[in-house]
Amino acid sequence: MPILEVRDIHKSFDTEAILKGISFSMEAGESVSIIGSSGSGKTTLLRCLNFLETPDEGTITVRGEQIFDAHAPALKPEEIRARRLHFGLVFQQFNLFPQYTALENVMLAPKITVESPDIRQIEDTARNLLDQMGLSDRMNNYPHQLSGGQQQRVAIARALALKPDILCFDEPTSALDPELTGEVLKVIRGLAEQKTTMIIVTHEMSFARDVSDKVIFMDGGVIVEQGAPGDVIDNPREERTRQFLASYNS
């Protein structure tokens, strides 16, 4: 059974259709990279999966449980919060709380989400995650005392703290310079090696080729092509994919 099944997702803002029938599935432990030009709908798709936007049509199923159906009654706020926990989301701009240390940022979501939280256990988990991110010596630093790469690694630890079924990245290196990009990609590569289930919206083609089990190319709100990285990136079938990759590499 796929861990995630997305079927016929549509989303429009005012009269502009952004997603026009997106369907794909993925298995537990897979890394799926989504590539495409700006405006192709990649970020909107992630926001729909994370319940930050509500699709106009379609269904989303996680581990065999349908968590969204556009034709079902509207979800209550508490239902949305519960279903959002299936996904962790790492944003482009880190979105850390400036008034909290790295450790406090990672602890915050479990403290306010888990019923009767075990604070010591939450802290132990947060410390272990920050250590995994190579930040054991930065736990008590505030965001302004961290580099962009360090802030993004804190954000990854924060997303992992609630043990989501699927970890989502929205262009995780777009706000970083090349040196800091490498350290974040190294962390994501390590997660892929541990078989963390991930969806990665990225413009790093070589990284997508190396780390992904599947690559999805989106253009104009539709999936033009999907398959193994060696097929989609190195030997695309569709002319639109070839044009995108040619312009990207030029």
Side-chain angles (χ1 to χ4, degrees), residues 1-91 159 162-171 192 195-202 208 211-229 231-233 236-238 240-241 244:
M1 176 190 300
I3 192 170
L4 174 67
E5 293 181 89
V6 175
R7 291 289 171 261
D8 199 32
I9 293 292
H10 291 252
K11 179 64 180 177
S12 296
F13 295 104
D14 297 324
T15 59
E16 185 179 3
I18 304 299
L19 299 178
K20 306 171 186 175
I22 299 294
S23 297
F24 70 96
S25 63
M26 61 186 298
E27 304 295 327
E30 274 193 328
S31 295
V32 174
S33 289
I34 303 179
I35 62 173
S37 303
S38 297
S40 59
K42 307 183 303 294
T43 293
T44 299
L45 174 59
L46 282 193
R47 291 179 62 84
C48 286
L49 293 178
N50 284 272
F51 290 89
L52 297 174
E53 303 289 352
T54 302
D56 304 319
E57 292 288 341
T59 62
I60 301 169
T61 303
V62 176
R63 294 192 184 279
E65 175 194 355
Q66 191 172 93
I67 64 170
F68 177 81
D69 181 349
H71 295 289
L75 295 171
K76 299 174 182 176
E78 60 270 22
E79 292 175 318
I80 291 175
R81 284 193 294 270
R83 297 178 189 200
R84 187 176 284 155
L85 295 177
H86 289 290
F87 299 90
L89 180 57
V90 179
F91 298 89
L162 287 170
K163 301 179 176 65
D165 292 304
I166 301 158
L167 186 59
C168 301
F169 294 88
D170 184 13
E171 298 277 15
K195 294 299 180 183
T196 304
T197 307
M198 296 187 289
I199 300 174
I200 309 160
V201 169
T202 184
V211 82
S212 308
D213 299 291
K214 180 192 298 182
V215 171
I216 292 172
F217 169 59
M218 288 181 61
D219 185 60
V222 301
I223 292 177
V224 176
E225 189 166 351
Q226 60 180 308
D231 295 333
V232 176
I233 294 177
R237 297 188 312 272
E238 302 295 329
R240 287 160 77 187
T241 316
F244 167 74

Can you tell if the side chain of [X] reaches within under 4.5 Å of the side chain of [Y], non-hydrogen atoms only?
| X | Y | result |
| --- | --- | --- |
| E5 | T59 | no |
| I199 | L4 | yes |
| L19 | C48 | yes |
| S25 | R7 | yes |
| P236 | F217 | no |
| F87 | I166 | yes |
| R240 | E225 | no |

Report the distance from atom [atom1] of [X] to atom [atom2] of [Y], rounding to the nearest 0.5 Å.
| X | Y | atom1 | atom2 | result |
| --- | --- | --- | --- | --- |
| R81 | K76 | CZ | NZ | 12.0 Å |
| I35 | K42 | CD1 | NZ | 9.0 Å |
| I223 | I9 | CD1 | CD1 | 10.5 Å |
| M198 | M26 | CE | CE | 8.5 Å |
| F91 | R47 | CZ | CZ | 7.0 Å |
| L162 | R84 | CG | CZ | 12.0 Å |

Where is the tightest heavy-atom contact between [X] and [Y], given as atom of each residue plus distance?
| X | Y | result |
| --- | --- | --- |
| C168 | L46 | CB-CD2, 4.0 Å |
| V211 | A192 | CG2-CB, 3.4 Å |
| I233 | A208 | CD1-CB, 4.1 Å |
| V90 | A159 | CG2-CB, 3.7 Å |

Problem - Reference residue L75; test side chain to side chain contact (heavy atoms under 4.5 Å, CB included); the match among D69, I67, I80, T54 - result: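 Answer to the side chain to side chain contact (heavy atoms under 4.5 Å, CB included) test with L75 among D69, I67, I80, T54: I80.
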
Check: Are more than 12 heavy atoms from other residues, nucleotides or ligands located less than 6.0 Å from atom CD of E16?
Finding: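 At most 12 heavy atoms, drawn from other residues, nucleotides or ligands, come within 6.0 Å of this atom.
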
Test item: D213 side-chain N/O and S31 main-chain N/O as donor-acceptor pair under 3.5 Å: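 Looks like yes, one N/O pair under 3.5 Å.
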
Exam field: side chain D170 to backbone L89, donor-acceptor pair closer than 3.5 Å: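 Between the backbone of L89 and the side chain of D170 there is no qualifying donor-acceptor contact (under 3.5 Å).
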
side-chain contact (heavy atoms from CB on, under 4.5 Å) between K11 and L45, worked out = CA-CA 9 Å; K11 179 64 180 177; L45 174 59; over 6 Å; no

Worksheet item: Mind checking what makes salt bridge (Lys or Arg N to Asp or Glu O under 4.0 Å) contact with R83, not counting sequence neighbours?
Response: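 Applying salt bridge (Lys or Arg N to Asp or Glu O under 4.0 Å) to R83 gives none.
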
Residues in ring pair (Phe, Tyr, Trp, His ring centres under 6.0 Å) with F169, at least two apart?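 Scan of F169 (ring pair (Phe, Tyr, Trp, His ring centres under 6.0 Å), adjacent residues dropped) gives none.
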
- request: Go through the steps for I216 and F24 under the test side-chain contact (heavy atoms from CB on, under 4.5 Å), then give the verdict.
  value: CA-CA 9 Å; I216 292 172; F24 70 96; 3.8 Å; yes

Can D165 and H86 be said to form a side-chain hydrogen bond (donor to acceptor under 3.5 Å, both in side chains), step by step? CA-CA 5 Å; D165 292 304; H86 289 290; 2.7 Å; yes

